[in-house]
Number of protein chains: 2
Amino acid sequence: MSDGQRADARRNYERILAVAVDEVAEHGVNASLEQIARVAGVGSATVRRHFPSRRALLEAVSHKRIEDLSDRARELAGTGESRSVLLEWLNEVVDYSATARGLAAVLVPDSAEVEPAHVNGCAATLEDAASPLLQNAKRDGTVSSEVMLADLLALIAGIAMATEHYPDPAAQAHHLFRLAAAGLGPQH
Amino acid sequence: MSDGQRADARRNYERILAVAVDEVAEHGVNASLEQIARVAGVGSATVRRHFPSRRALLEAVSHKRIEDLSDRARELAGTGESRSVLLEWLNEVVDYSATARGLAAVLVPDSAEVEPAHVNGCAATLEDAASPLLQNAKRDGTVSSEVMLADLLALIAGIAMATEHYPDPAAQAHHLFRLAAAGLGPQH
DNA sequence: AGGAAAACGGCGGACCCCACCGTTTATGAG
DNA sequence: CTCATAAACGGTGGGGTCCGCCGTTTTCCT
């Protein structure tokens with residue numbers, strides 16, 4: 001079963017990742033890499049080896065959540081009224097982003113982005129999975145054709161970051177998103 | 001002219017603040033405090049004496065911008081159609097937040113917020129100044145009565161933070177805000 | 001002019017990220 | 001089964017930041 005990966009390397013990778021999940025959940029985006037290494041029982045160099053940048057680690061930590069949301073998008077496709085379905089999914093993204101610390105950070109470009117195309121793997125995955133939902137809503141004319149999924153995700157990420165330190169982040173995030181989705185009032 | 005302030009203290013305060021403005025403009029919210037001290041020609045302890053927390057420094061740096069926006073709100077009060085006027089002002093807030101680095105950060109609660117009432121001086125100032133604009137719009141029924149100014153500012157701050165590292169932050173921020181203000185589409 | 005009080009800033013500790021580099025360990029070929 | 005090799009490991013040191021302490025200097029008021 002030689003897959004080109006050394007067994008201990010894979011073991012360490014998973015140990016580190018498991019610890020990182022907890023550590024990020026507790027300390028947020030700025031969790032200490034050395035602390036993660038310490039708890040995982042490896043040298044800090046090993047952490048850096050497996051995850052060259054903080055961002056890489058955050059992406060790995062968020063990977064499962066991203067997959068969950070992508071699956072959910074595929075489930076929802078075609079069920080019910082298009083705009084409602086899209087909003088339902090977006091609300092779940094809001095919930096995940098407000099609940100799972102570090103997720104919002106990977107949905108948005110980092111300072112050191114030099115990649116030419118599709119700069120963001122995580123966001124791209126979500127966009128691909130949820131694209132049908134938005135297309136349907138546009139087709140039905142219930143969402144403006146100018147709206148891009150990337151914009152919606154950026155908006156949600158921003159809301160999550162802004163509400164992170166509120167007494168009840170999730171509630172506040174949902175509140176703000178309802179506001180945005182409603183366009184702050186009756187007249188448009 | 002004894003105002004209880006020692007002359008050298010005030011001088012240092014202003015030197016530090018002046019340097020901090022530049023430094024924050026260039027390096028954003030995480031500008032190095034020691035670097036600021038170095039450039040200002042003072043010890044790092046002196047910086048901490050005048051600005052006990054990073055946040056305090058950021059608030060001082062943003063103070064003028066906050067005042068400008070507050071003045072602008074008072075200017076705009078009562079001119080033109082209420083919702084348009086409010087949106088005009090909010091757009092200016094978006095512009096400032098996207099342009100002046102560090103402003104968005106002070107419009108949102110920090111991690112260590114234990115204050116009982118009106119936790120945020122900067123946001124509170126803006127809210128007070130712009131409150132009439134929102135009240136007018138609510139009175140005319142052009143904005144939902146449930147909308148709070150604090151929510152609008154938090155939303156804008158989130159947008160600014162999310163778009164900070166885009167190729168053209170200001171453009172992207174305005175784009176997202178237009179989206180939110182329009183409620184992402186024709187149907188509400 | 002002189003003394004009290006306030007402000008200053010250097011120093012050391014704790015932490016963090018990062019790169020180097022000698023050592024250990026898994027692996028697959030013989 | 002042995003063993004050479006390449007991969008993975010982790011300790012260590014350098015550079016940086018934030019923070020608190022404390023002896024020294026400066027300012028101001030009498």
Side-chain angles (χ1 to χ4, degrees), chain A residues 1-20 22-61 101-102 105-106 110-114 165, chain B residues 1-20 22-61 101-102 105-106 110-114 165:
Chain A
M1 65 167 276
S2 68
D3 54 356
Q5 298 266 32
R6 262 175 63 161
D8 57 344
R10 169 155 289 279
R11 251 206 323 272
N12 277 338
Y13 179 93
E14 285 170 8
R15 287 175 59 106
I16 293 170
L17 187 51
V19 172
D22 296 348
E23 215 64 24
V24 169
E26 184 166 2
H27 297 92
V29 191
N30 293 323
S32 161
L33 302 185
E34 297 220 335
Q35 168 77 356
I36 291 174
R38 235 170 289 142
V39 176
V42 305
S44 63
T46 299
V47 172
R48 295 192 46 68
R49 221 183 309 283
H50 286 294
F51 306 98
S53 65
R54 171 178 296 276
R55 173 144 240 243
L57 181 60
L58 289 176
E59 289 189 8
V61 166
R101 308 188 65 177
V106 301
D110 196 343
S111 31
E113 284 287 357
V114 283
H165 298 299
Chain B
M1 66 164 274
S2 68
D3 52 357
Q5 297 266 32
R6 265 174 60 162
D8 57 343
R10 170 154 288 280
R11 249 205 327 270
N12 278 337
Y13 179 93
E14 284 169 9
R15 288 174 59 111
I16 293 170
L17 186 51
V19 172
D22 296 348
E23 214 64 24
V24 169
E26 184 167 1
H27 297 92
V29 191
N30 293 324
S32 162
L33 302 185
E34 298 221 335
Q35 167 77 354
I36 291 175
R38 234 171 288 143
V39 175
V42 305
S44 62
T46 299
V47 172
R48 295 192 47 68
R49 219 183 311 282
H50 286 293
F51 307 97
S53 65
R54 171 177 298 277
R55 172 132 231 235
L57 181 60
L58 288 177
E59 289 189 8
V61 165
R101 306 189 66 177
V106 302
D110 196 342
S111 30
E113 284 288 358
V114 283
H165 298 298

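Letters A, B, ... are given to chains in the order of the sequence lines, protein chains preceding strands, and every chain is numbered from 1. All figures in this text were calculated on a predicted structure; none of them were measured in a lab.
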Hits for side-chain hydrogen bond (donor to acceptor under 3.5 Å, both in side chains) against B:R11, two or more places apart or cross-chain, chain-then-number order -> none
With sequence neighbours left out, the residues meeting side-chain hydrogen bond (donor to acceptor under 3.5 Å, both in side chains) with B:R15 are none
Terminal axes of the helix from C:dA1-D:dT30 to C:dG30-D:dC1 (5 end pairs apiece), angle rounded to 10 degrees, sit apart by 0°
Donor-acceptor pairs under 3.5 angstrom involving side-chain atoms of residues 28-45 of chain B: please list them, not counting sequence neighbours.
from	atom 1	to	atom 2	distance (Å)
B:S32	OG	B:E34	N	3.3
B:S32	OG	B:Q35	N	3.0
B:Q35	OE1	B:R38	NH1	3.0
B:Q35	NE2	B:E23	OE2	3.4

Here the residues of residues 32-40 of chain B within 4.0 Å heavy-atom distance, strictly under, of DNA chain C are none
Applied to residues 23-44 of chain B, the ring-ring contact (aromatic ring centres under 6.0 Å, His included) test, sequence neighbours excluded, yields none
I'd like a list of close polar pairs between nucleotides 3-5 of chain D and the protein, N/O only, cut-off under 3.5 Å.
none

Sorted by chain and residue number, the side-chain hydrogen bond (donor to acceptor under 3.5 Å, both in side chains) partners of A:D8 (sequence neighbours excluded) come out as A:R6
Applying salt bridge (Lys or Arg N to Asp or Glu O under 4.0 Å) to B:R54 and not counting sequence neighbours gives none
Those residues at least two apart in sequence (or on a different chain) that pass side-chain hydrogen bond (donor to acceptor under 3.5 Å, both in side chains) with A:R49 are none
note: B:R15, atom CZ; C:dA7, atom C1'; distance rounded to Å ~ 15 Å
Sub-3.5 Å pairs of nitrogen or oxygen atoms, protein against nucleotides 8-11 of chain D:
from	atom 1	to	atom 2	distance (Å)
D:dC9	OP1	A:N12	ND2	2.5
D:dC9	OP2	A:H50	NE2	3.3
D:dG10	OP2	A:G43	N	3.1
D:dG10	OP2	A:T46	OG1	2.9
D:dG10	N7	A:R49	NH2	2.9
D:dG10	O6	A:R49	NH2	3.4

Across all chains, not counting sequence neighbours, the ring-ring contact (aromatic ring centres under 6.0 Å, His included) partners of A:Y13 are A:H50, A:F51
